Trainee: 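One structure coming up, written as structure tokens, with questions to follow.
Model, not experiment: these values are computed from the prediction. Nothing fancy with the numbering, it's 1 onward along the sequence.
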Amino acid sequence: MMDPLDRHTPLSPQLAIRVATIGGVALILFAIILFRLWYLQVLSGPQYVQLANVNRVRDIPIQAPRGDIVDRAGKPIVSSRQAVAVQITQSQLPKTKAGRADLYTRLGAVIGMKPSAIRTIMHSKVNVPYANVTIKVDAGEAALVTLKENQDQFPSVAVTPVSVRAYPDRELAAQVLGSVGSISPGELKLARFKGVPNNGVVGQAGVEWQYDQFLRGTDGIQRVQVNSAGLPSGKPPHTTLPTAGHELKLSLDLNLEKEGYKALQAGMGLAQSNGTAGNAGAFVALDPRNGQVLAMGSLPSYNPTVYTHPLTPAEQAQLVSADAPLLNRAIDGAYPTGSTFKMITAMTALQDGLRSADAPFVDTGCIKVGRTQQKFCNARNEVLGSLNMTTAIQKSSDLYFFTLGEQANPQGPLIQHWARQFGFGAPTGIDLPGEYAGVIPDASWLARVEAQQVTCLKKYGKRGPSICGYISDPTRTWVTGNNMNFAVGQGDFLATPLQLAVAYSALFADGRVPTPHLGLEIDDNVGRLIQKIDPPAQRTIKFDSANQQVIEDGLHAAAQSPGGTSYDVFGNFPRTVYGKTGTAQHGAQDDQAWYVAYAPDPKRPIVIALTIEKGGFGDQSAAPAVRLMLSQWFGITKKLVAGSSKTL
């Protein structure tokens with residue numbers, strides 16, 4: 001009998017099903033939670049313990065001193081020195097913007113920097129959040145004493161010993177040696193910098209970049225315990241000391257390198273005294289047997305010590321000025337070579353049968369060519385009379401080589417072929433970044449360039465000439481005159497001093513085209529050889545030795561026989577010299593001066609190519625500079641002998 005007090009309504013079948021469903025879902029959820037707890041504690045427990053340990057320990061890299069760079073005799077060119085840097089510890093910076101601004105103002109007053117400059121450094125660096133940021137290196141003894149004695153007023157500022165690059169000879173070979181600096185976000189992605197921390201210091205240019213993996217060394221590690229906020233706490237549990245980088249021995253001869261800069265400056269001075277600008281130039285000296293670079297320089301230059309500290313706006317502006325001090329003109333200067341190229345045209349004529357060595361030629365000073373009767377003349381329309389191949393080289397007859405270019409043109413790119421064989425139109429393979437390949441003009445090259453210009457001009461309209469690198473008439477085609485100009489190293493032909501030195505090395509090395517290189521060997525910290533650097537020749541050019549002799553006779557007569565274009569400079573030089581002047585028309589500016597010379601010696605042969613931008617005639621400025629370098633190399637009393645020849 002039902003209790004009258006029991007008033008609960010019996011569950012309906014539908015409600016019972018709902019209750020059962022909810023209970024089942026709850027049971028499944030509890031089961032999942034229990035399984036997850038078991039998984040985290042039992043299966044993944046060791047992994048999370050390891051992650052927790054890592055989370056409370058931070059590794060701060062200790063920069064390794066870079067290896068020294070020395071010349072072929074072991075004389076130091078670049079070394080590392082200990083300096084004191086003013087740094088800011090990021091984790092201890094004031095939390096407010098106003099507090100940080102006050103710190104930058106007070107610190108700037110002590111170390112002589114504007115607060116805005118400090119702020120820029122802090123914002124521009126790629127830093128580990130708990131690592132120090134270098135604000136200034138070598139701040140001065142007074143500033144360091146002030147910071148140390150008032151540490152309580154600068155709690156986030158540290159005075160730290162660091163290793164920086166030292167350049168005993170300042171601007172000497174600056175573009176060759178290059179610079180170092182903090183690694184950039186883009187560089188961090190490169191395979192060559194794999195393993196470098198994001199506040200590491202790496203080579204940025206020159207041999208510092210090329211051989212960075214050897215010079216860089218191995219950074220040390222300081223392990224710092226941090227709390228949950230990421231702030232250092234406790235003592236470092238472990239420190240691994242850095243290992244200094246290896247020593248790099250270069251092929252440079254330091255004494256010749258120094259004389260090269262003095263000689264180039266002297267040549268520039270001669271150019272200026274003759275009324276031309278003569279404000280820039282470069283030189284290269286090679287051992288023709290193996291391609292070792294004995295000297296290389298470029299002016300204007302810069303002092304690479306500017307990269308040992310954050311650049312000021314004034315320093316940055318100077319480095320990117322119109323003078324282009326960062327440009328290594330020896331490997332990246334794009335120049336017409338003028339008459340120094342006639343050696344290539346002579347080889348083409350002899351090898352391809354355009355003209356025999358003894359075939360007579362009458363130089364009348366000028367000729368007219370083609371339907372338009374375009375006029376081609378020697379410098380100052382000089383009439384040189386009866387010539388053969390040797391005397392044409394000796395007197396640098398433009399007319400003689402113009403006619404060779406005219407003869408070669410109907411037969412295709414003959415001169416262009418031999419130019420490529422001797423190394424023009426392509427990088428030489430030197431162990432430096434940024435080498436210019438040059439330009440060898442021919443019909444296909446011109447058609448390609450003009451097509452690109454037409455497309456560019458259509459795209460940009462009136463702005464096209466300034467954007468597209470407008471050369472001249474975008475509808476022009478290759479004609480005989482183009483080849484005639486190319487035959488004397490003019491027209492659209494462009495090359496570097498290094499390419500010219502390689503080409504003349506190949507001539508005197510019986511056709512072996514050397515691979516120029518600066519590196520000689522890598523040694524460890526105690527002088528043990530790690531790696532020898534001796535790249536093989538690029539190729540061997542096949543030419544008749546009799547033809548080689550004809551050209552060599554002409555080059556020797558040009559330097560040391562009466563009537564030669566540089567006889568007034570080298571006629572009384574006490575060593576055998578094979579030399580060639582060059583005076584190249586370079587746009588609307590003053591002529592470019594060139595001189596290339598080879599001096600044979602059983603143990604110390606040398607090839608030197610030197611150029612002076614806006615330097616006038618090669619004999620008047622470039623040749624005297626080369627004489628000074630040869631005097632240094634062979635231990636001859638130096639004498640600046642100004643030339644007077646005005647032959648191209």
Trainee: Write down the atom of L103, the atom of S156, and the distance for their closest heavy-atom approach.
Mentor: CD2-OG, 3.2 Å
Trainee: Within the 3.5 Å criterion, strictly below it, is a donor on Y595 or D619 matched to an acceptor on the partner's side chain?
Mentor: no
Trainee: Mind listing the side-chain donor-acceptor pairs of residues 279-286 below 3.5 Å, one per line with the distance, residues two or more places apart or on another chain?
Mentor:
none

Trainee: When you compare the side chain of L264 with that of I612, does any pair of heavy atoms fall below 4.5 Å?
Mentor: yes
Trainee: Are T134 and Q87 close enough that a side-chain donor and a side-chain acceptor fall under 3.5 Å?
Mentor: yes
Trainee: Tell me whether the rings of Y335 and W594 are parallel (<30°), tilted (30 to 60°) or perpendicular (>60°).
Mentor: perpendicular
Trainee: Apply salt bridge (charged side-chain N to carboxylate O under 4.0 Å, His left out) to residues D71 and K75 and explain how you reach the verdict.
Mentor: CA-CA 5 Å; D71 83 335; K75 299 176 184 177; 5.0 Å; no
Trainee: Side-chain donor-acceptor pair under 3.5 Å between N303 and T305, yes or no?
Mentor: yes
Trainee: Got R72 and Q292 here, is their nearest side-chain heavy-atom distance under 4.5 Å?
Mentor: yes
Trainee: Can you see whether F154 has R106 sitting over its ring - NZ or CZ less than 6.0 Å from the centre and within 45° of the normal?
Mentor: yes
Trainee: Ignoring hydrogens and angles, state whether a donor on the side chain of S80 or R165 is under 3.5 Å from an acceptor on the partner side chain.
Mentor: yes
Trainee: For the atom pair CG (L299) and CD (E171), what is the distance rounded to the nearest 0.5 Å?
Mentor: 9.5 Å
Trainee: Step through the shown structure and confirm whether more than 12 heavy atoms of other residues, nucleotides or ligands are within 6.0 Å of CZ on R170.
Mentor: no
Trainee: Looking only at side chains, do Q592 and T583 share a donor and an acceptor under 3.5 Å apart?
Mentor: no
Trainee: Taking atom NZ of K262 as the centre, does the number of heavy atoms from other residues, nucleotides or ligands within less than 6.0 Å exceed 12?
Mentor: no
Trainee: Less than 4.0 Å between a side-chain N and a carboxylate O, is that true for K258 and D169?
Mentor: yes
Trainee: Give a yes or no on whether a salt bridge exists between D102 and K97, defined as a side-chain N under 4.0 angstrom from a carboxylate O.
Mentor: no
Trainee: Is it true that D212 and R66 have a side-chain N and a carboxylate O under 4.0 angstrom from each other?
Mentor: yes
